Amino acid sequence: MTNAKTEVFASGRTDRGVHAKCQVASFKCNTQLECDDIKNHLNNYLPEDILITSLEQADERFHARL
């Protein structure tokens, strides 16, 4: 999507068979795309049982794991 390697950080983990409702992840990317465009693009490539329900720009210092 951005032609750059992107590292994703998740807020935690879930065990097999457990849902990840409200799972938070963060990543940094340099793009002019709107959040909805990024969300839709990512959802096109995710398996049907995984869905990004919201995506928003956060402060530069935000890190999902911390």
Side-chain angles (χ1 to χ4, degrees):
M1 179 178 69
T2 63
N3 292 323
K5 185 175 180 175
T6 304
E7 191 170 8
V8 177
F9 300 96
S11 62
R13 67 172 187 85
T14 60
D15 294 322
R16 185 178 188 158
V18 176
H19 69 77
K21 187 175 181 178
C22 296
Q23 178 77 26
V24 176
S26 61
F27 63 93
K28 294 180 182 181
C29 67
N30 185 13
T31 183
Q32 295 298 316
L33 293 171
E34 298 291 329
C35 288
D36 279 342
D37 296 328
I38 296 170
K39 180 183 75 167
N40 293 334
H41 181 85
L42 294 173
N43 279 331
N44 281 332
Y45 290 94
L46 289 169
E48 289 183 15
D49 60 343
I50 299 175
L51 178 68
I52 297 171
T53 57
S54 67
L55 190 145
E56 59 188 77
Q57 187 169 345
D59 184 272
E60 179 73 24
R61 298 178 303 146
F62 179 78
H63 192 293
R65 197 175 66 224
L66 304 176

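Nothing here was measured: the structure is a model prediction, and the numbers come from that model.
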Atom CG of N30: over 12 foreign heavy atoms under 6.0 Å: no
Between the side chain of T53 and the main-chain N/O of L51, is any donor-acceptor distance below 3.5 Å? no
Mind checking the NZ-SG spacing from K5 to C29? Nearest 0.5 Å is all I need. 16.0 Å
First locate atom CD of E34, then atom CD of Q57, and finally report the distance between them rounded to the nearest 0.5 Å. 9.0 Å
Would you please test S11 and Q23 for side-chain contact (heavy atoms from CB on, under 4.5 Å) and show each step? CA-CA 7 Å; S11 62; Q23 178 77 26; 3.5 Å; yes
Counting only pairs under 3.5 Å, give me each side-chain donor-acceptor contact of residues 59-66, with atom names and distances, residues two or more places apart or in other chains.
from : atom 1 : to  : atom 2 : distance (Å)
D59  : OD1    : R61 : N      : 2.8
D59  : OD1    : R61 : NE     : 3.4
E60  : OE2    : K28 : NZ     : 3.4
H63  : ND1    : R65 : N      : 3.2

For I38, the rest of its hydrophobic cluster, which grows through side-chain links under 4.5 angstrom: M1, V8, F27, L33, L42, L46, I50, I52, L55
Would you mind listing every ring-ring contact (aromatic ring centres under 6.0 Å, His included) that reaches into residues 28-50, with sequence neighbours excluded? H41-Y45
